[in-house]
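Worth saying up front: this structure is predicted, and the values here are computed from it rather than measured. Indexing begins at 1, ligand by ligand and atom by atom, following the structure's order.
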Amino acid sequence: MLYQPPLPPKYTDLAPDELARRIRERKSFFGKKLVILGHHYQQDEIIELADYTGDSFKLSQLAAAQKDVKYVVFCGVHFMAESADILTDESVQVILPDLSAGCSMADMAHIDHVEDAWEHLTSVTDATIIPITYVNSSAAVKAFCGGRDGACCTSSNARRVLEWALADERPERATGQRKVLFLPDQHLGRNTAYDMGWPLESMAVYDFRKPGGGLTDEQIRQATILLWKGHCSVHQLFTAKQIDDIRALDPEFKVIVHPECDWTVVQKADLAGSTEFILKTIDAAEPGSKWAVGTEVHLVHRLAKRYEGVKTVRLLSGIQCLCTTMYRIDLKHLLWCLDELAEGRIVNLIRVDPETRTLARLSLDRMLSLIGTGAAKTARA
Ligand code: SF4
C-alpha cells in the first residue's frame with residue numbers, strides 16, 4: 001500500500017455540504033479538461049459528484065473516449081487508476097485522490113511472486129501455459145501476461161477469455177497440452193471454469209506463499225487450470241449459510257452474487273455475474289420482487305434506495321461487506337487534489353512506465369479483440 005500524507009486541517013474541518021460545493025466549483029473551473037470517475041463501490045457523496053459511474057474497466061474506457069480531457073480523477077483504487085493511465089492518451093494525467101486506496105486482491109499477486117511461480121511452473125511441465133489476469137491486478141501483472149501471449153479479463157468476459165486461452169482443450173477430452181494460470185482471483189477463475197464444464201479436479205490452487213506453490217510436480221502436470229491463491233476480502237465474506245438463512249426467512253428472496261464469491265456461494269445462488277450484470281438484472285426485475293445481493297455494501301444500499309417501495313433489495317450478509325480501501329476516497333481528498341490542480345500542482349499522479357504500459361496494453365487489447373465474439377455475461381444463471 002502506498003503512503004498518503006495527512007491532509008491539511010482546512011480540509012478535515014469542512015462540512016460535507018461545503019466540500020461538495022467547492023468540488024462543484026472546481027469542476028466548473030476545469031470544464032471539459034477534467035473528468036471525475038466514480039466506481040460503483042464508492043460512497044454516495046462521491047457518486048453524486050462523478051461525471052461517470054461504472055465498473056473499473058468501463059470507466060477506463062470512458063475516460064479514454066473523452067475528447068479534450070487533460071485530467072482524470074479516478075475515485076476507485078490504485079489498479080483502476082493504472083488501467084485508466086494505460087488506456088488514455090499519454091498526455092492525460094490520471095490522479096488517485098488517496099494513494100492508500102489499494103486493493104487487497106491485486107496486492108496478493110506481487111509481480112516477483114508471479115515471476116517465481118512462472119519459473120517453477122514452466123520448469124515442471126512442457127505444456128503451454130497461458131497466463132490470464134483479472135483486471136483487478138497491477139499493471140506489472142497485466143504486462144507479465146501481455147508479454148507471455150496471455151490476456152486480461154473482466155468478470156463479464158472471463159469465460160470468453162478462458163475459452164480462447166484453452167483453445168481446443170475440452171473438459172471431456174483434455175490433452176493436458178494447454179493450461180491456464182489464472183491470476184489473482186481463485187474464485188472468479190474457479191467459478192468461470194466450472195461453469196464452462198471443467199470439474200473441480202481439473203483445477204489446482206497455486207499458493208504463492210508455499211514452496212512450489214504447495215503443489216507436487218504431478219499435481220501441476222495434471223491440472224488444466226492453475227488458480228492463483230488470491231481473493232477479494234469483501235466478497236469472501238459471503239457464505240452459503242447466509243443464503244440458507246435468507247431463504248428460511250423468506251423464500252421469495254432471489255439471491256444474486258458476484259463471481260468473486262466462493263464457489264459454494266455461487267453454486268447456491270440463483271444468479272451470479274459481474275457488477276453490471278447485477279445492476280441490469282435488478283433494474284429489469286418485476287416490481288414486488290425481492291433480492292439479496294452478494295456484493296459491496298455501497299452498491300447494494302444505493303440499489304435499495306433507488307427501488308424503495310417498488311422492489312426489496314438487501315445485502316446478502318448481515319454484516320457490512322465494505323471495501324475499506326475504496327472507502328478511503330472521500331470528499332476531503334477529492335477537493336484537496338482538485339485544489340492542488342487549480343494551483344498548478346499535480347498530486348497523486350498515477351503513471352505506468354512506458355515498457356509496462358505497452359505490454360499491459362497488449363493484454364487488454366487481446367481481451368478487447370475477443371469480446372466482440374460473444375462475451376459470457378453470467379457465471380451461473
Ligand atoms: Fe479489491 Fe475486493 Fe475492494 Fe474490489 S471490492 S477493490 S476486488 S478488495
Side-chain angles (χ1 to χ4, degrees), residues 1-2 4 37-44 46-47 50 53-60 74-85 94 96-110 132-142 152-158 182-192 227-239 256-263 265-266 272-279 293-303 315-317 319-330 333 348 350 379:
M1 185 190 293
L2 297 173
Q4 175 66 45
L37 307 176
H39 187 271
H40 285 311
Y41 299 165
Q42 289 288 304
Q43 304 173 59
D44 287 358
I46 295 286
I47 293 292
T53 60
D55 62 26
S56 68
F57 192 65
K58 176 181 156 189
L59 287 175
S60 295
F74 208 125
C75 297
V77 293
H78 191 266
F79 77 80
M80 299 177 185
E82 281 190 329
S83 296
D85 183 54
V94 179
L96 182 66
D98 186 326
L99 282 181
S100 63
C103 163
S104 56
M105 179 198 286
D107 290 348
M108 285 175 204
H110 190 281
I132 303 294
T133 189
Y134 187 20
V135 73
N136 296 18
S137 55
S138 67
V141 169
K142 291 185 180 82
C152 201
C153 73
T154 68
S155 51
S156 298
N157 61 37
F182 194 93
L183 300 144
D185 184 17
Q186 58 167 308
H187 301 301
L188 178 64
R190 184 181 294 108
N191 288 324
T192 308
L227 303 165
W228 192 259
K229 194 173 167 67
H231 62 261
C232 165
S233 45
V234 177
H235 289 97
Q236 74 155 4
L237 295 173
F238 298 104
T239 64
I256 185 165
V257 299
H258 195 281
E260 286 171 24
C261 293
D262 184 84
W263 179 80
V265 175
V266 170
S274 66
T275 311
E276 294 290 334
F277 171 77
I278 292 172
L279 282 168
V293 187
T295 193
E296 210 272 348
V297 64
H298 285 95
L299 175 68
V300 180
H301 282 176
R302 209 169 295 125
L303 275 171
L315 195 66
L316 171 59
S317 163
I319 53 161
Q320 297 292 301
C321 295
L322 168 89
C323 179
T324 51
T325 47
M326 285 264 184
Y327 194 67
R328 290 173 193 268
I329 307 289
D330 57 16
H333 286 85
N348 293 8
I350 303 300

Cut-off 3.5 Å, side chains only: do [X] and [Y] have a donor facing an acceptor?
X: S83; Y: S60; answer: no
X: H258; Y: E296; answer: no
X: N191; Y: E260; answer: no
X: H235; Y: T295; answer: yes

Interfacing atoms of ligand 1 (cut-off 4.0 Å, heavy-atom, Y41)
5 (S)

For ligand 1, which part of E260 has a heavy atom less than 4.0 Å away: the side chain, the backbone, both, or neither?
side chain

Donor-acceptor under 3.5 Å (D85 side chain, V94 main chain)
no

For a side chain to side chain contact (heavy atoms under 4.5 Å, CB included) check, start with the C-alpha distance between V266 and V257, then their side-chain angles and the critical distance, and finish with the verdict.
CA-CA 7 Å; V266 170; V257 299; 4.1 Å; yes

Are there any protein N/O/S atoms under 2.8 Å from atom 1 (Fe) of ligand 1, and if so, which?
C103 SG

Heavy-atom nearest pair, L59 first then L37, reads O-CD1, 3.7 Å

